[in-house]
Structure formats: C-alpha cells, structure tokens
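No experiment lies behind these values; they were computed from the predicted model shown. Values below: every heavy atom of this structure, side chains too, minus hydrogens, waters and symmetry copies. Numbers here simply count residues along the sequence, with the first being 1.
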Amino acid sequence: MPSSRTGRPPVQRAVGRPARPRPPRDNPVLRAYLNAKRAWDRPLTAYYLIAGGSFLITVLGLVMVYSASQITALQMSLPGSYFFRKQLLAAVIGGVLLLIASRMPVKLHRALAYPILAGAVFLMALVQVPGIGMSVNGNQNWIALGGSFQIQPSEFGKLALVLWSADLLARKQDKNLLNQWKHMLVPLVPVAFLLLGLIMLGGDMGTAIILTAILFGLLWLAGAPTRLFVGVLSIAATLGVILIKTSPNRMARLACIGATEPKSGVADCWQAVHGIYALASGGIFGSGLGASVEKWGQLPEAHTDFIFAVTGEELGLAGTLSVLALFAALGYAGIRVAGRTEDPFVRYAAGGVTTWITAQAVINIGAVLGLLPIAGVPLPLFSYGGSALLPTMFAIGLLIAFARDEPAARAALSMRQPRFGRKRAGGAVRDRGPRRWNTMRRRASAARSSGER
C-alpha cells in the first residue's frame with residue numbers, strides 16, 4: 001500500500017451511496033386545493049349547500065326587503081316595517097312547508113303531483129273570472145284573499161309542472177317509452193302549453209318564460225333528440241316573437257336593453273336606467289345598509305323585481321357577488337343531486353327545480369344589469385312576495401329530501417346520530433357495555449362500503 005508524504009496510510013473513502021430523493025416541499029396551495037376537493041366530494045356536500053345556501057339567501061332577502069321597502073311603505077301611509085312583516089310571515093310559513101317537504105318520502109311527492117296540478121289549473125282559470133281575479137301592474141294574474149293578502153296562482157303552476165312532469169317522465173321511462181317521440185311529447189307539451197295559455201291570458205310573459213325554461217330542461221333531461229328539441233324550441237320562439245311584436249309594452253321593454261338614458265327613443269327606460277345608477281353608485285362595499293338613494297322614489301319596484309339593484313347600492317359589489325355565489329352553489333347542488341341519483345323521478349324533479357330557480361335568477365339579475373328585458377319576475381327567495389316564496393321554499397324542501405335520500409348521505413347522517421345509553425329490544429334491556437359515541441372516525445370502515453369518503 002503506498003504511503004503518503006507524512007508516512008501515514010491514505011484514508012480509505014467510503015463508497016458513496018446514491019442520494020435519496022428529497023420529499024417534495026409541502027405546497028400550501030395544493031394542500032388547500034386537495035382538502036377543498038375532498039370536502040367538496042363528500043356525500044353531504046349537496047345537502048349542506050342546499051340547506052345553508054337557501055337559508056342565507058332567505059335571511060339576506062328579509063334584511064334587504066326591510067331596507068328597500070321602508071320608503072315605499074311610508075309613501076303609502078303604512079308603517080315602515082309593513083312589507084317586512086308580511087314577508088317574514090310568508091318566510092315562516094314557507095319554512096314549515098320546507099320542513100314538511102324535506103321529510104316526506106318520494107312516493108308521497110309523486111302522489112301529490114296530480115292534486116297540485118289540478119289545483120293550480122283551477123286557480124289559474126279562476127283568475128280570469130270577473131269579480132274574482134284582479135289586475136296588478138297591468139297583469140290579470142292575482143286572486144284577493146281578503147284584506148291586504150293576495151295570491152298569484154301562476155307561481156304554484158311552476159311547482160305543479162315540475163312535480164307532474166317528473167312523475168310522468170319517470171313512469172314512461174320505467175316502461176321504456178321515452179325512445180318514441182310521441183310518448184316524450186304527449187301529454188307533457190300539451191299540458192305545459194295549457195299552463196302557458198292560462199298565464200298569457202293574464203299577460204304575465206315573465207312567468208311564461210320560466211315555465212318554458214322548465215319544459216326545455218325536462219326534455220333535455222329526458223334525452224330528447226336534437227331535431228325534436230329544436231322543433232319545440234322553434235315553435236316556442238315563434239310564439240314568443242308574435243307575443244312581443246303585438247304588445248307595445250313588451251317592445252318598449254325590449255328597447256331598454258343597454259339603455260343609459262331614461263328616454264331611449266320612444267321607450268321610457270326610467271326603471272332600467274335607475275337600476276344601473278343604483279349598482280354604479282354602490283362601489284366595492286356599498287353605501288351602507290339602509291343608505292340607498294334610489295329607493296327614495298327614483299327606482300320603481302325597489303323591494304320586488306329590482307331588489308338586486310338596491311343590494312348593489314347598499315352592499316356594493318361584495319354583496320352582489322355574495323348573492324351570485326349563493327345562487328351558483330344552490331344550482332350546483334341541484335345538478336349534483338340530479339346527476340347522482342338512480343331514481344328517474346328524483347332526477348327529473350331535481351333538474352326541474354334547479355332549472356326553475358337558476359333561470360328565474362338569471363332573468364331577474366340580467367334585467368337589473370340591463371342585459372335582458374325587464375320580465376317582471378322576482379329574485380327567488382330574495383324578493384318581496386309571498387306567492388313566489390311559498391312554492392319556492394317547498395321546492396327547496398324537495399331538493400333537501402332528495403339530497404338526504406342518497407345512499408351515502410343516509411349512511412353519513414345515520415353515523416352522525418349518537419346512541420345514548422342502552423337499546424331496548426322487546427321490552428328487555430340489553431347491556432352493550434359502556435356508552436360510546438358513534439363518530440365518523442370510529443365507523444370509517446362501515447362508511448367506505450356505503451360510498452363515504
């Protein structure tokens with residue numbers, strides 16, 4: 001062995017081992033994304049989104065109705081909280097209907113489809129009887145109940161069309177009849193046209209547009225072929241053009257799209273322009289709750305059709321984006337419920353309700369933004385109006401019931417209920433040892449078999 005200059009043997013270097021690959025650094029953005037995706041895919045996500053989103057929209061709507069309606073009530077020599085108290089009463093009754101609908105089994109929902117349709121058709125025909133029906137803002141679609149209470153039967157026609165059509169299409173799908181165009185159209189389209197005709201007799205084209213959207217949504221869910229879909233759409237579009245052309249009021253509303261001056265030619269665009277003024281003056285965070293200027297007589301229908309404009313003025317862009325996010329979450333949850341179920345009735349009913357709420361929200365907000373003509377439809381769960389609030393909250397109860405009925409959601413909900421003490425079987429007490437909580441962590445293995453993540 002050769003020696004070094006110092007006389008010492010050279011140091012033997014150990015054979016180098018291959019360096020281990022360093023673990024990737026923890027990316028907080030990626031970790032947050034994965035956690036959010038994991039939470040988004042849980043079985044109870046749709047249930048929480050529907051229940052929480054609808055609750056927040058309703059509560060925020062009550063606050064904005066109180067703020068937007070005070071001046072209108074005082075101008076009518078009424079107490080400032082007059083419209084708020086009526087809306088609160090409707091919300092309480094609607095909450096009871098929501099709880100009832102959310103606890104009802106699917107079979108009972110299907111059994112109610114025909115009675116609700118018959119009742120809606122009867123009331124909508126009763127509106128045209130002189131002395132019973134009454135006209136509001138030029139539309140003959142109201143029935144007086146006594147005192148200051150009125151009812152608009154066409155709002156219940158939306159719920160009737162959704163339930164009845166879902167039951168009809170589900171029964172035809174069970175018999176494999178939806179692959180024939182005549183079974184897909186009859187009697188769905190004739191009954192829908194009957195409801196549309198009764199609505200248009202009163203001049204309410206806004207509600208007719210919502211019913212048309214529900215009809216097309218159901219046909220799309222039923223798998224209507226493109227030619228059939230385009231044919232029905234062409235007929236509806238032709239009828240719509242004729243109805244618009246023959247009405248100077250509707251032509252004037254169409255001319256106000258994108259208007260920036262109260263007088264746009266021969267059309268009076270006062271409401272549309274002042275809605276834009278309200279949104280523009282709100283800024284990022286708004287002028288403050290109750291500090292709207294446009295509601296002091298400048299903006300008509302501030303607490304009904306144009307409550308979104310007052311929201312933008314008082315709560316700013318942050319408030320309006322929050323409302324849009326809540327409606328987007330509600331729409332996503334409804335689509336998720338319709339897409340994950342195996343029950344055809346649940347799929348059609350959930351899809352119809354989701355189409356109804358999202359289409360109505362888009363039409364209302366689009367009119368306030370000046371992107372669509374003013375159709376005179378309220379913002380669901382948000383605008384003032386008990387006739388619109390009650391069937392909408394019942395429809396939300398339907399979505400909650402369907403979201404709870406998913407197998408994975410049922411398993412997750414059952415595991416969230418702890419057992420206190422001992423179980424009784426046949427009057428005898430069976431001792432199962434010490435009390436314990438059936439938490440999600442302790443029953444994770446059972447959840448995997450049912451789809452729980």
Side-chain angles (χ1 to χ4, degrees), residues 46 49-65 68 87 90-91 94 98 152 154-155 157-159 161-162 204-218 220 257 272 275-276 278-279 301-312 315 317-338 350-400:
L49 284 178
I50 296 170
S54 58
F55 175 77
L56 291 176
I57 294 174
T58 305
V59 172
L60 183 58
L62 287 172
V63 173
M64 293 311 304
V65 165
Q87 185 74 357
L98 185 149
Q152 187 177 1
S154 58
E155 293 290 342
K158 304 172 187 176
L159 177 63
L161 180 62
V162 168
D204 188 5
M205 191 168 184
T207 304
I209 294 174
I210 305 300
L211 258 72
T212 305
I214 295 174
L215 173 62
F216 284 119
L218 290 170
W220 182 78
I257 297 179
I276 298 296
L279 291 171
E301 307 296 337
H303 60 295
T304 55
D305 301 345
F306 270 68
I307 194 172
F308 189 75
V310 180
T311 304
L315 302 182
L317 181 65
T320 55
L321 290 181
S322 299
V323 175
L324 291 176
L326 289 174
F327 276 109
L330 195 59
Y332 166 79
I335 294 174
R336 173 168 168 162
V337 171
V353 170
T354 305
T355 303
W356 161 15
I357 294 176
T358 53
Q360 187 165 328
V362 167
I363 292 174
N364 178 276
I365 296 174
V368 174
L369 296 175
L371 303 176
L372 296 174
I374 300 175
V377 296
L379 190 58
L381 301 173
F382 202 83
S383 296
Y384 170 79
S387 295
L389 185 62
L390 295 181
T392 305
M393 294 193 75
F394 188 89
I396 294 295
L398 284 177
L399 291 180
I400 293 176

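- For E301 (side chain) and I307 (main-chain N/O), no donor-acceptor pair under 3.5 Å exists by modelled atom type.
- No side-chain heavy atom of F306 sits less than 4.5 Å from a side-chain heavy atom of P378.
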Next on the checklist: Between V368 and I276, does the side-chain contact (heavy atoms from CB on, under 4.5 Å) criterion hold? Intermediate values first, please.
Outcome noted: CA-CA 7 Å; V368 174; I276 298 296; over 6 Å; no

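- The shortest side-chain heavy-atom distance between L389 and M393 falls under the 4.5 Å cut-off.
- Note: W356 CH2 to L161 CG = 10.0 Å, rounded to the nearest 0.5 Å.
- Q87 places a side-chain N or O within 3.5 Å of a backbone atom of G385 that can act as its donor or acceptor partner.
- For the atom pair CD1 (I374) and CD1 (I363), the distance works out to 13.0 Å, reported to the nearest 0.5 Å.
- A donor-acceptor contact shorter than 3.5 Å is absent between the side chain of Q360 and the backbone of L379.
- For T354 (side chain) and G351 (main-chain N/O), no donor-acceptor pair under 3.5 Å exists by modelled atom type.
- The CZ atom of F308 sits 10.5 Å away from atom CG of L315, with the distance rounded to the nearest 0.5 Å.
- Closest approach of Y384 and V65 over heavy atoms only: N-CG2, 3.9 Å.
- Taking OG of S54 as the start and CG of L399 as the end, the distance is 9.0 Å to the nearest 0.5 Å.
- By the 4.5 Å heavy-atom criterion applied to side chains, V353 and I357 are counted as neighbours.
- Listed for the T320 side chain is a donor-acceptor partner under 3.5 Å among the backbone atoms of L317.
- Taking both residues in full, the closest heavy atoms of I257 and P373 are given as CD1-CD, 3.5 Å, listed atom of the first, atom of the second, then distance.
- Looking at L330 and I396, their side chains come closer than 4.5 Å, going by heavy atoms from C-beta outward.
- When all heavy atoms of G376 and D305 are compared, the pair lying nearest together is CA-OD2, 3.4 Å.
- Using a 4.5 Å heavy-atom cutoff, the side chains of T392 and L159 are not in contact.
- Contact record, A309 with G275: CB-O, 3.8 Å, taken as the closest heavy-atom pair.
- Looking only at side-chain heavy atoms (C-beta outward), L390 and F394 stay at 4.5 Å or farther from each other.
- For the pair Q152 and D204, the tightest heavy-atom approach, listed with the atom from each and the gap, is NE2-OD2, 3.2 Å.
- None of N364, T58, L60 except one satisfies the side chain to side chain contact (heavy atoms under 4.5 Å, CB included) rule with F382; the exception is L60.
- Contact check for V362 versus F327: no side-chain heavy atoms found under the 4.5 Å cut-off.
- Every residue two or more places apart in sequence or in another chain that forms a ring-ring contact (aromatic ring centres under 6.0 Å, His included) with F216 is listed here: F229.
- Contact detail for I57 and P380: the closest heavy-atom pair is CG2-O, 3.9 Å.
- Taken from CD in E155 to CD1 in I210, the straight-line distance is 9.0 Å, to the nearest 0.5 Å.
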